[in-house]
Colleague: 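Questions regarding the structure given below will be posed in turn.
In this chain, numbering begins with 1 at the start of the sequence shown. One-based numbering, in listed order, for ligands and for the atoms of each.
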Amino acid sequence: MSASVPWARCVQRSGQTLARCSLKRTSVVAATCRAPSRARPSTLRSLTYLPMRRAQNARLFSTTARRLMPDEEDAFDPASIERESDEVDVCIVGGGPAGLSAAIRLKQLANEAGNEDFRVLVLEKAGDLGAHILSGAVIQPSSINELIPDWLDESNPDRFEHATPAGTDRMRFLTKTSSIPIPAPPQMSNHGNYIVSLNQFVKWLGERAEEVGVEVYPGFAAAEVLYNADGSVKGVATNDLGMGRDGKPKDTFERGMEFHARVTMFGEGCHGSLTKQVISKFDLRKDSQHQTYGLGLKEVWEVDPAKFEKGLIVHSMGYPLPKEVYGGSFMYHFGDNLVSLGLVVSLDYENPWLSPYQEFQKLKHHPLFKDVLEGGKCISYGARALVEGGFQSIPKVAFPGGALIGDSAGFINVPKVKGTHNAMKSGMLAAEAAWNALSSTDEGTVFLYEYEESLRKSPIWKELKEVRNMRPSFHSPLGMYGGIVYSGLEAYVLKGRTPWTLKHKTPDYASTKPADKFPKIEYEKPDGKISFDILTSVSRTGTNHEEDQPVHLQVKDWDEHTDKTYPPFKGLENRFCPAGVYEYVEDESKPHGVRFQINSQNCIHCKTCDIKAPHQDINWQVPQGGEGPKYYMT
Ligand SMILES: Cc1cc2nc3c(=O)[nH]c(=O)nc-3n(C[C@H](O)[C@H](O)[C@H](O)COP(=O)(O)OP(=O)(O)OC[C@H]3O[C@@H](n4cnc5c(N)ncnc54)[C@H](O)[C@@H]3O)c2cc1C
Ligand code: SF4
């Protein structure tokens with residue numbers, strides 16, 4: 001950090017060093033980057049003015065702070081400080097498989113056309129790329145084969161080195177003590193697929209993106225959608241940093257930053273906080289059904305080598321979930337003695353006593369899993385909601401000035417338990433449409449008609465249409481058994497050629513029934529070897545949030561929330577949250593004898609509360625960039 005070099009100052013944001021060196025694969029201060037200037041990521045080049053911006057902000061704020069008397073502090077409006085802005089060609093929110101594939105494809109096209117100045121920027125809320133990604137993950141390589149054909153080639157020094165070829169597939173129906181083999185439908189055949197840690201894969205994809213010139217900003221949480229005067233999307237803004245829990249700026253206050261682009265893509269994954277707003281603003285669900293969701297909980301274990309079967313893929317239905325609850329488990333053996341084990345629970349469950357976290361702990365005691373885990377070590381835990389609505393729930397994906405890509409739109413093939421290949425492909429299709437649109441005109445609002453069209457002609461559309469009736473068939477009067485039989489018929493005989501399309505029923509938040517309609521579920525205490533209490537699990541996510549900041553789980557009136565939610569549902573938030581964030585603490589001074597509490601530091605960004613809260617009064621917003629879970633090997 002030398003003051004003599006104008007741009008060689010530490011560019012810090014919330015403890016994150018902004019400038020990252022793609023050669024060193026590490027965060028660096030600009031002056032310490034020894035890469036030739038041509039090879040430096042443009043992040044370094046374009047951010048040289050940032051120290052100045054921070055100095056300006058600091059000056060502005062300290063001036064304001066000096067001037068303010070205590071009784072005036074309340075009147076201070078952070079919005080009165082103008083935000084710095086940056087102008088790029090395409091801004092992508094979310095550095096997941098969809099966002100990074102879109103970014104890489106755009107820069108490939110720009111570089112092929114000799115337009116190296118074409119700026120593509122990716123904003124990612126995690127401190128490091130991949131750190132908020134949670135997935136199975138068995139990936140179908142169709143999209144990565146297309147995007148980076150030599151991704152596994154021995155001759156490629158930058159190949160991805162952590163892919164385990166899929167081996168034996170097993171499908172089981174579980175009762176409490178036994179596991180019954182059932183035929184795996186063709187969709188679930190994994191021949192030719194790879195087991196990976198999606199979090200490692202995304203990190204690697206990010207490096208490939210920087211190599212082709214994408215500007216990747218981890219630690220930047222997009223918090224606000226910006227609009228042009230004509231109503232089209234103008235870009236996004238990151239949130240203000242250094243605000244106290246009381247909503248007042250602290251001396252570390254720093255105004256957010258605006259990123260303006262002619263095309264803004266939302267690749268926030270399932271139930272994105274900005275995607276939600278854009279869908280509503282442009283009424284993108286006008287011709288589609290509501291989205292439906294599941295919550296996936298997952299652990300990675302290092303197991304006894306004698307129990308490890310490299311490439312083994314096991315899926316199950318049945319125990320521990322009651323027959324009215326759709327869901328299932330997965331167990332993938334990959335890498336060196338690693339086992340990825342998880343349970344997906346659909347969020348349209350009715351019984352508020354049900355706890356997806358506790359069901360997952362119960363699952364691990366089933367002999368099918370316990371035998372593998374015993375003697376092993378749990379090395380990570382995480383949870384994330386996933387989209388289950390499929391074909392019926394695909395919204396319009398293009399709107400003036402932008403597009404939805406990946407799980408933000410919702411392209412998971414539920415019977416196949418896969419979404420990564422579709423997320424990537426949708427990003428690539430949107431990229432091609434954006435490149436063509438931006439190349440054909442230098443100004444004015446861009447609308448990606450071509451993306452809507454190419455999506456309909458793509459394998460994504462065909463694949464999701466074919467399986468569209470499987471998930472909703474589990475709502476027939478025959479419940480789970482009816483769904484299994486109907487899905488078998490679709491998989492082997494009908495193959496989606498039926499003239500009908502089954503509808504999704506009630507949205508997840510409205511599916512929960514009052515607690516007094518069900519007997520309370522008593523879960524067994526964890527044994528500390530196979531099953532764990534929730535705080536031990538949360539400690540394995542590495543999650544952290546600065547305590548003195550506005551709560552990012554926004555509930556307007558905590559007492560009103562308690563009045564409406566506690567009496568009928570008896571604290572369901574405590575049970576649906578896989579990180580122990582919500583509590584009702586005994587408090588005799590309160591009307592219901594309890595006080596609502598939000599331990600927001602524990603949040604692992606799974607979005608379940610925003611989806612399942614019965615009165616839709618919990619609004620998940622991004623906290624400060626760089627906060628949240630620090631997943632690795634997930
Ligand atoms: C438990 C589980 C198991 C799964 N198993 C499989 C499997 O075996 N195979 C498979 O193919 N798929 C699987 N999936 C689905 C797969 O993970 C998703 O389809 C895929 O990750 C979607 O990619 P995406 O880029 O759309 O979203 P994501 O992977 O969710 O990435 C979104 C990124 O955007 C960032 N972000 C969000 N909001 C903001 C914001 N406002 N500002 C900045 N950054 C933001 C997030 O931090 C994240 O990094 C599974 C999913 C789960 C939950
Ligand atoms: S608070 Fe909400 S988003 Fe955070 S972990 Fe709990 S349910 Fe998930």
Colleague: Does any N or O atom in Cys270 lie less than 3.5 angstrom from one in ligand 1, N or O only?
Modeller: no

Colleague: Does an N or O anywhere in Pro97 fall below 3.5 Å from an N or O of ligand 1?
Modeller: yes

Colleague: Quick one: do the Tyr523 and Glu359 side chains pair a donor with an acceptor below 3.5 Å?
Modeller: yes

Colleague: May I have the step-by-step check of side chain to side chain donor-acceptor pair (under 3.5 Å) for Asp86 and His260, ending in yes or no?
Modeller: CA-CA 6 Å; Asp86 194 7; His260 301 169; over 6 Å; no

Colleague: Does His132 reach the main-chain N or O of Asn199 with its side chain, forming a donor-acceptor pair under 3.5 Å?
Modeller: no

Colleague: Can you see whether Asn145 engages Ser142 through a side-chain donor-acceptor pair at a distance of less than 3.5 angstrom?
Modeller: no

Colleague: Are more than 12 heavy atoms, taken from residues, nucleotides or ligands other than Lys465, located less than 6.0 Å from that residue's NZ atom?
Modeller: no

Colleague: Out of Gly406, Gly628, Ser135, Gly272, who is nearest to atom 16 (C) of ligand 1 when you count heavy atoms only?
Modeller: Ser135

Colleague: Geometry only, no angles: is Glu268 polar-contacting ligand 1 at N/O separations under 3.5 Å?
Modeller: yes

Colleague: Side chains of Glu573 and Tyr584: is there a donor and an acceptor less than 3.5 Å apart?
Modeller: yes

Colleague: Going by distance only, is there an N or O of Ala222 that falls short of 3.5 Å from an N or O of ligand 1?
Modeller: yes

Colleague: Side chain, backbone, both or neither: which part of Phe411 has a heavy atom under 4.0 Å from ligand 1?
Modeller: neither

Colleague: Could you work out, for atom 47 (O) of ligand 1, the closest of Lys418, His271, Glu124 by heavy-atom distance?
Modeller: Glu124

Colleague: Against heavy atoms of Gly267, which atoms of ligand 1 measure under 4.0 Å?
Modeller: 32 (C), 33 (C), 34 (O)

Colleague: Validate the cation-pi geometry between Lys362 and Phe360: distance from NZ or CZ to the six-membered ring centre under 6.0 Å, angle to the ring axis within 45°.
Modeller: no

Colleague: Aromatic ring centroids of Phe596 and His561 under 6.0 Å?
Modeller: yes

Colleague: Regarding Ser380 and Glu299, is there a side-chain donor-to-acceptor distance under 3.5 Å anywhere?
Modeller: no

Colleague: For Asn190 and Lys416, which I'm curious about, is there any donor-acceptor pair between the side chains at under 3.5 Å?
Modeller: no

Colleague: Counting each atom of ligand 1 from 1 as listed, which ones have a heavy atom of His132 under 4.0 Å away?
Modeller: 47 (O)

Colleague: Is there a donor-acceptor contact under 3.5 Å linking the side chains of Ser273 and Gln621?
Modeller: no

Colleague: Mind checking whether Ala98 has an N or O less than 3.5 Å away from an N or O of ligand 1?
Modeller: yes

Colleague: Is there a side chain to side chain donor-acceptor pair (under 3.5 Å) between His605 and Lys125 once you walk through the steps?
Modeller: CA-CA 10 Å; His605 298 199; Lys125 66 180 163 64; 3.1 Å; yes

Colleague: Tell me which part of Asp407 gets within contact of ligand 1: side chain, backbone, both or neither, using heavy atoms under 4.0 Å.
Modeller: both

Colleague: Evaluate the side chain to side chain donor-acceptor pair (under 3.5 Å) criterion for residues Arg471 and Ser346: first the C-alpha distance (whole Å), next the side-chain angles of each, then the deciding distance (0.1 Å), finally the verdict.
Modeller: CA-CA 10 Å; Arg471 170 69 186 90; Ser346 287; 3.3 Å; yes

Colleague: Does ligand 1 come near enough to Thr420 that some N or O of the ligand is less than 3.5 Å from an N or O of the residue?
Modeller: yes

Colleague: Would you tell me which option among Val622, Leu134, Asn199 has the nearest heavy-atom contact to atom 51 (C) of ligand 1?
Modeller: Leu134

Colleague: For ligand 1, is there an N or O atom under 3.5 Å from any N or O atom of Leu198?
Modeller: no

Colleague: So is Gly342 in contact with ligand 1, going by heavy-atom distances below 4.0 Å?
Modeller: no

Colleague: Does the side chain of Ser537 pick up a donor-acceptor pair with the side chain of Tyr357 at under 3.5 Å?
Modeller: yes

Colleague: Is there any N or O on Lys125 that sits under 3.5 Å from an N or O of ligand 1?
Modeller: yes

Colleague: Students should be able to answer this: which protein heavy-atom is nearest to atom 4 (C) of ligand 1, and at what distance?
Modeller: Gly136 N, 3.1 Å

Colleague: Provide, to 0.1 Å, the distance between atom 7 (C) of ligand 1 and the closest protein heavy atom, together with that atom's residue and name.
Modeller: Val417 O, 3.2 Å

Colleague: Closer than 3.5 angstrom, by distance alone: can the side chain of Glu124 be matched with the main-chain N or O of Ala126 as a donor-acceptor pair?
Modeller: yes

Colleague: Excluding waters, which protein N, O or S atoms are within less than 2.8 Å of atom 2 (Fe) of ligand 2?
Modeller: Cys609 SG

Colleague: Which ligand 1 atoms, with their elements, are less than 4.0 angstrom from a heavy-atom of Ala137?
Modeller: 7 (C), 8 (O)

Colleague: Under the criterion side chain to side chain donor-acceptor pair (under 3.5 Å), I'd like the reasoning laid out for Asn193 against Gln140: C-alpha separation, chi angles, the key distance, then a yes or no.
Modeller: CA-CA 5 Å; Asn193 294 340; Gln140 177 179 315; 5.3 Å; no

Colleague: Taking only heavy atoms of Phe220, which atoms of ligand 1 are found under 4.0 Å from at least one of them?
Modeller: 43 (C)

